[in-house]
Amino acid sequence: MQLFTRSRQLSDHTGSGADPADGPTGTTDHTTAPADTPRPSEEPPDGPAATRRGRWHRDHPRAARAATVGTTVLAGALLLFALLVPNRVERLSLEAFFRIPAEGVLLATLLLALPPRPRRIAAVVSGVLLGLFTVLKMVDMGFYQVLARPFDLVLDWILFDDAAEFVRESFGRGGQILAVIGAIVLFVALLTLMTLAAVRITNLMVRHRASAARTTLVLGVAWITCVTLGVQITGVPLATKGNAEMLANRLEQARAGLRDARVFEQQAAVDAFADTPPDQLFTGLRGKDVLFTFIESYGRVAIDDPAMAEPIGTVLQEGTDSLKAAGFESRSGWLRSPVTGAGSWLAHSTFLSGLWIKNQQRYRSLTTSDRMTLTNYFRKTGDWRTVGLVPGVRRAWPEGKYFGLDHIYDSEHLGYRGPYFSWTPVPDQFSMEAFERLEHGREDREPIMAEIILASSHNPWSPNARMIDWDDLGDGSVFHEIKKEGTDPAEVWQDPEKVRTEYRKSIEYSLRSLTGWMERYGDEDTVLVFLGDHQPVPTVTAGSTDKDVPVTIVARDEKVLDRVADWNWTDGLKPAPDAPTWGMDEFRDRFMTAYGPQGGKGDGGNGVGSGGSSGPTG
């Protein structure tokens, strides 16, 4: 009894939060010296070695008590935040934080049951893990806002580099540095504060073991009761095990990602056209210039959304009419992209390869393989010069060699001397004019197959370029004044409706740039295939997970469109709501079949050998 009293006196005097169950700490002296007698190694409390904190606690006991209680409350709130915060912005609500987390009850039970030393270790480890879990949830929020999916622990690390590059290109080097520093500081702060909070609450529970045990028992019974009865608050279950479910989903996601590499290797090995002689490829397009053109973020929302349907429908109808007046006809349908919000390169490679490229692992496997793409097959014939116009590329693009392009024009080789429009280095109208100057308008040339990626409709859609007279484009300097007329992205992104408006304007500009070029420079031997690569971010789609994008074929030669008559696509540039919808990976084989020796003979354009595709749900 004397020993127990001595331990309590030392603990109360030092305020160290030591666990009474741990026994005497810091000394082997078990005498009954008065509690306020300093240890031999210590100076008296009011001596030279006294800390400012100790003096402040002694001189201001009430304030010290309030600070202690406040810090403890904040520590508890921080742990509850980590346990209860959802990983999606739209699920953030007051009700979400008034729930009973099963993981918290189990953790409290474990900490109370462990011996002193293992308990201290468990408290630190728990704090670190809760900090990491909170960081993961915040990263998920960002991924859901942009990609409409959670972060992939196996495959998505490379995307942080792309995100940093996007910030640099949109807000400058200074903005990139600040963003990176902010992310690092937040990461370290969360781990540190969460660990300190876990240790503090653990010490509190141990000092009041009986009360903590009763509270834990009551919460455990309440959790079981709420789960059994299905108790909810405004539609939110009062009892949750969301963290455990999230962890289980991530583990399964990681296992699926590892398995997917083997599945994809088998799919990529199947290519119905691998043994087709070059002179039997694209026989229905010989002598034609074939342009595969991607419009960034041109998704179904641009056509179906009530707020956008009328203005964009008007642009599409005007384009249909003006092209028809110039002798062109068009057909349109839908493709389902493997991605939404971002990840254009995954959509491009899906369209060209005939494989479902849904993640970075598949993309790396594809671009290091010998799988033939549409562009490779055009090059294989020896009858087309294959070129790439990629104004969004600002640095080395080694994957360009994989796609079989004889020459690539990036943003530095288009002759543009105007300003960036936020992320976009070159306005679409100038890009198309540069293509005419550098390739299409050259005399005594061979037929061209071009992959063109228009970037003006790339997030953040502010400021936007606008159409000007083609003869006034010059070297692009005219766009300096146009940029000054544009909106400020920092202001636009404070209001979702303004974001949607600017997105719509950017799509209108891209469509006008493309149809204007076709009307001005297209001829009997021009075949244009243009499509969206993916839907825009959820801010624009209002949270829709639909991945459909429009696709259109434009040609003056009626024989070109006759070959796809049995595709049942809609006449004009605007696909009907019930127009056929294919997976984007199906297009390659359907297109090559339609324009091969057997094309246009009533086979339904279904292509051959589609076994290499995993399909939209693969």
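Starting from 1, each residue takes its place in the sequence as its number.
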If the condition is ring pair (Phe, Tyr, Trp, His ring centres under 6.0 Å), which residues does Tyr298 pass it with, not counting sequence neighbours?
none

List for me each residue that meets ring pair (Phe, Tyr, Trp, His ring centres under 6.0 Å) alongside Phe143, sequence neighbours excluded, and say none if there are none.
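Applying ring pair (Phe, Tyr, Trp, His ring centres under 6.0 Å) to Phe143 gives Phe151.
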
Are [X] and [Y] packed together at the side-chain level, in the sense that at least one heavy-atom pair is separated by less than 4.5 angstrom?
| X | Y | result |
| --- | --- | --- |
| Leu323 | Leu573 | yes |
| Ile295 | Ser457 | yes |
| Leu352 | Glu451 | yes |
| Met308 | Val540 | yes |
| Leu374 | Met449 | no |
| Phe264 | Ile357 | yes |
| Thr545 | Thr340 | no |
| Leu528 | Leu514 | yes |

Lys380 and Met372: side chain to side chain contact (heavy atoms under 4.5 Å, CB included), yes or no, with the steps?
CA-CA 9 Å; Lys380 181 180 179 180; Met372 295 287 283; 3.9 Å; yes

Test your reading of the model: is there a side-chain donor-acceptor pair from [X] to the backbone of [Y], 3.5 Å cut-off?
| X | Y | answer |
| --- | --- | --- |
| Gln280 | Pro277 | no |
| Thr386 | Gly404 | yes |
| Asp304 | Pro577 | no |
| Tyr416 | Pro419 | yes |
| Glu329 | Glu558 | no |
| Thr424 | Ala455 | yes |
| Arg500 | Asp495 | no |
| Arg556 | Ala326 | yes |
| Lys483 | Pro463 | no |
| Arg512 | Gln429 | no |

So how far is it from Leu414 CG to Arg437 CZ, rounded to the nearest 0.5 Å?
7.5 Å

What's the separation between atom OG in Ser422 and atom CD in Glu502, rounded to the nearest 0.5 Å?
11.0 Å

Taking salt bridge (Lys or Arg N to Asp or Glu O under 4.0 Å) as the criterion, tell me which of Asp566, Asp562, Asp571 meets it with Arg331.
Asp571

Go through the steps for Val139 and Phe160 under the test side chain to side chain contact (heavy atoms under 4.5 Å, CB included), then give the verdict.
CA-CA 10 Å; Val139 172; Phe160 287 113; 4.0 Å; yes

Are there over 12 heavy-atom neighbours, none belonging to Glu265, within less than 6.0 Å of that residue's CD?
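Atom CD in Glu265 is not crowded, with 12 or fewer foreign heavy atoms closer than 6.0 Å.
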
Asp370, CG: over 12 other non-hydrogen atoms inside 6.0 angstrom:
no

Can you name the closest pair of heavy atoms from [X] and [Y] and give their distance?
| X | Y | answer |
| --- | --- | --- |
| His534 | Ser337 | CB-OG, 3.9 Å |
| Tyr402 | Ser369 | CE1-O, 3.5 Å |
| Pro338 | Met584 | CD-SD, 4.2 Å |
| Trp569 | Ser332 | CB-O, 3.2 Å |
| Val549 | Asp533 | CG1-C, 4.1 Å |
| Pro575 | Ile303 | CD-CD1, 3.9 Å |

Electrostatic pair [X]-[Y], nearest N-O below 4.0 angstrom:
| X | Y | answer |
| --- | --- | --- |
| Asp548 | Arg300 | yes |
| Glu508 | Arg504 | yes |
| Glu491 | Lys498 | yes |
| Glu485 | Arg466 | yes |
| Arg520 | Asp471 | yes |

Run the ring-centre check on Phe292 versus Phe591 and record whether the distance is less than 6.0 Å.
yes

Run the ring-centre check on His440 versus Tyr521 and record whether the distance is less than 6.0 Å.
no

What I want to check is whether the side chains of [X] and [Y] have a donor and an acceptor closer together than 3.5 Å.
| X | Y | result |
| --- | --- | --- |
| Asp428 | Ser431 | no |
| Tyr377 | Asp271 | yes |
| Ser344 | Glu296 | yes |
| Thr526 | Asp289 | no |
| Thr487 | Ser462 | yes |

So which of Phe403, Phe273, Tyr595, Trp384 actually passes ring pair (Phe, Tyr, Trp, His ring centres under 6.0 Å) with Phe378?
Trp384

Ring pair (Phe, Tyr, Trp, His ring centres under 6.0 Å), paired with Trp582, selected from Trp567, Trp356, Phe351, Trp334
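Single ring pair (Phe, Tyr, Trp, His ring centres under 6.0 Å) partner of Trp582 among Trp567, Trp356, Phe351, Trp334: Trp567.
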
Side chain to side chain contact (heavy atoms under 4.5 Å, CB included) between Ser297 and His458, intermediate numbers included:
CA-CA 6 Å; Ser297 300; His458 194 289; 5.8 Å; no

Going through the checks in order, is the side chain to side chain contact (heavy atoms under 4.5 Å, CB included) test met by Ser506 and Ser456?
CA-CA 6 Å; Ser506 73; Ser456 285; 5.8 Å; no

Qualifying residue for side-chain hydrogen bond (donor to acceptor under 3.5 Å, both in side chains) with Gln317, from Thr314, Asp321, Thr320
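With Gln317 as partner, Thr314, Asp321, Thr320 yield a single side-chain hydrogen bond (donor to acceptor under 3.5 Å, both in side chains), made by Asp321.
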
When the ring planes of Phe479 and Phe421 are compared, do they come out parallel, tilted or perpendicular, using 30° and 60° as the limits?
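Perpendicular, since the angle between the ring planes exceeds 60°.
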
